[in-house]
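As the structure is a computational prediction, the values presented were derived from the model and not from experiment. Whatever order the structure lists ligands and atoms in, that order sets their numbers, starting from 1. Positions are given from 1 along the sequence.
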Amino acid sequence: MKLWTFRNMLIGMVVLFVAALIYFSWKAEEKLPPLDYSIFIGQLNDGEITKVEMRGHSLAVTDKFSRRFQTYAPDVQTVLSKLEAKDVAISTREPRGSSAGFVSPLLFILLMGGMFFMMRKQQRGGGDSGFDKDKAKITPDQQSQVTFADVAGIPEAKAELVETVDFLKNSTKFTRLGGRIPKGVLLQGPPGTGKTLMAKAIAGEAGVPFFSMSGSDFVEMFVGVGASRVRALFEEAKKQEPCIIFIDEIDAVGRSRGSAGAAGGQDEREQTLNALLVEMDGFNSGETVIIIAATNRPDVLDPALLRPGRFDRQVNILAPDVKGREKILAVHAQAMKLGDNVSFEAVAKTTPGFTGAELANLMNESALMAARKDKDAIDLIDIEEAKDKIMMGAERKGMVVSDEERKVTAYHEAGHAIVAELLPEADPVHKITIIPRGRAMGVTQQVPLSDRHAYSREFLRSRIMTLLGGRTAEELIYNEFTTGASNDLQVATDIATRMVAEWGMSDQLGPRAYVMADEGFLQGGSMQRSYSENTAQSIDREINKIIEDCYQQTMILLEGKMAHLHKLAEILVENETIDAQEVDIIMQCRELAELENIPVQR
Ligand code: ADP
Ligand code: ZN
């Protein structure tokens, strides 16, 4: 019991308290001594009753000596008039249901049972005696049916890992000459890129058992449990070799020891990590157990994990490129019925940054979308709608938007789009809509021509100008702003800030990085400052300069295209959405007359 963490004790105490409360209130009610009705009436007539609590037919009676009794009134009406006549204080409560008599004890028993169950569960993970039971429970997952054919779009990683299958299948071939089979493989890459899938595919291809555990499971545990779990896991794995141990989210236990920012569970984590290291070192050469770990934070791992003999093979798994996305889409559409017009190439082009998991989700949503319309096959339009839903949130069809709001939104989005179209560095417009989605009143979607991995200064400036385009258009047309642009401004300021302080792209400050994007910066962590107050002011000045500059240029761009702006907005108000082709047609008009000839209504 000493292993109970504070949190669990707290939960336990709260449960006990609530249970006790319910129990005693039920007890208290039941405990009043019974009083015959006739005696009660007698006492009432004698004026000995001072107070009556009525709950339907059942009365809790208090007499002048403050004694309390309980009685049953066959006719409430009569009693009431008698009580009133005698001026007795009456309080009434809603009668309890017929089951009330045993609801409370039932609830009590349930609560106690739940608590007992919780205790046992904790103990099985915790107490040393309980642990023996647990050890017996470690079994491999079901034989993996995943093959390499199911993993698409990450050819480099696949090429590096094919060999592993061979190691598992014919280990003696490699160890015959005294060589050592690699023990640990670390798969690193963003979530959803197929790391787990890859590990399962290796197990499936080799036909070996697959033991899995997740690093995050250990964080919440009692001291000592994580470590013994690890030992038990390895012991079992050795018995069933050749096999694979898969450790997901290894960063949860494998953070470098003594690192800050991991307040709770520190000891536990270190013990688990140490156990893992010891186990990895303790293999005999004859035991073919390959440990595959996955993480999206390789930078925080304890260096000891990466030493030779441990996770000395590191394989990067990145979000797939355009060709990869095409292949992944095909894998997930295998069992689906597709219309003739579906081209995975086209879908892949408009889904930059999508991971394997997101593409799988996209295909699934598309299938649901088509099914909702009672179609026989999934068409391009379904995929497009599913994509919009995933990327921009579901359409808020029920939202009431006034005509005026629609018009402002149309100009706002048209502003974004025109600026994007005019800037050679900016990503082309894919679609504009003024249908409210998620929190946005409208959306201008841009799609890069190719996947970008690094951003040029010009691209970033174009991005800022495109973002400012919405607000600038509003200003030009209405000479005032709405709050619709606040997110645009936020993002624009963010980009400018990082250009100056992180990417060294300002004229004045030059190529210096003043902030270290510390761990978790992208997840909303804070930036660490490492500069003087003076520099801070210069940074602010430079950020302002970039924004101001971009704003002026955006203004000039849009002022030169007022006719186009009006036309685009007009069409948007009428049709709600415009696609890339239509935007192109409008933007290619040189003459006013040409522009006017484009029909507003489709
Ligand atoms: P990770 O472990 O990297 O977070 P998963 O392997 O759990 O990602 O991926 C989740 C799901 O996404 C998989 O089960 C699979 O359906 C799909 N998926 C991810 N990557 C790929 C890929 N490269 N090829 C095919 N499907 C993929
Ligand atoms: Zn906007």
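Neither side chain, His430 nor Asp579, offers a donor N or O lying under 3.5 Å from an acceptor on the other. In the model, Thr350 has a side-chain atom that pairs as donor or acceptor with a side-chain atom of Lys387 under 3.5 Å.
If you number the atoms of ligand 1 from 1 as listed, the ones under 4.0 Å from a heavy atom of Pro191 come out as 4 (O). Less than 4.0 angstrom separates some heavy atom of Ile154 from each of these atoms of ligand 1: 23 (N).
When only interatomic distances are considered, the shortest N/O to N/O separation between Val151 and ligand 1 does not fall below 3.5 Å. In terms of polar-atom proximity, defined here as any N/O pair under 3.5 Å, Thr196 does make such a contact with ligand 1. Residue contacts with ligand 1: Ala152 is placed with a nitrogen or oxygen under 3.5 Å of a nitrogen or oxygen of the ligand (distance criterion only).
Using bins of under 30°, 30° to 60° and over 60° for the plane-to-plane angle, the ring pair Tyr411/His566 lands in the perpendicular bin. Aromatic ring pairs are classed by plane angle as parallel below 30°, tilted from 30° to 60° and perpendicular above 60°; the pair His412 and His416 is perpendicular.
Scanning the protein for heavy atoms near atom 6 (O) of ligand 1, the closest one is Leu197 N, 2.9 Å. The shortest contact between atom 10 (C) of ligand 1 and any protein heavy atom is with Ala357 CB, 3.9 Å. The nearest heavy-atom contact from the protein to atom 26 (N) of ligand 1 is His332 NE2, 2.8 Å. Protein heavy atom in closest approach to atom 18 (N) of ligand 1: Gly356 C, 3.5 Å.
The shortest separation from a heavy atom of Val331 to ligand 1 is not under 4.0 Å, leaving the residue out of contact. Residue contact check for ligand 1: Asp150 places a non-hydrogen atom closer than 4.0 Å to it. Ligand 1 has no atom lying under 4.0 Å from any heavy atom of Lys327. Under a 4.0 angstrom heavy-atom cut-off, Gly192 registers as being in contact with ligand 1.
Closest to the Zn ion (ligand 2) among the N, O or S atoms of Asp488 is OD2.
Under the 3.5 Å distance criterion, the side-chain polar atoms of Asn361 are left unmatched by any main-chain donor or acceptor of Ala357. The backbone N or O of Cys589 lies less than 3.5 Å from a partner atom in the side chain of His564, making a donor-acceptor pair.
Using a 4.0 Å cut-off between charged nitrogen and carboxylate oxygen, Lys431 and Glu384 count as a salt-bridge pair. Using a cut-off of 4.0 Å between Lys/Arg side-chain N and Asp/Glu carboxylate O, Arg325 and Glu358 are scored as not salt-bridged. Classification of Glu542 and Lys545 as a salt-bridged pair holds, one side-chain N sitting under 4.0 Å from a carboxylate O. Between Arg471 and Asp488 there is no salt bridge, since no side-chain N of the basic residue sits under 4.0 Å from a carboxylate O of the acidic one.
Centred on the Zn ion (ligand 2), the NE2 atom of His412 and the NE2 atom of His416 lie at an angle of 90°, reported to 10°.
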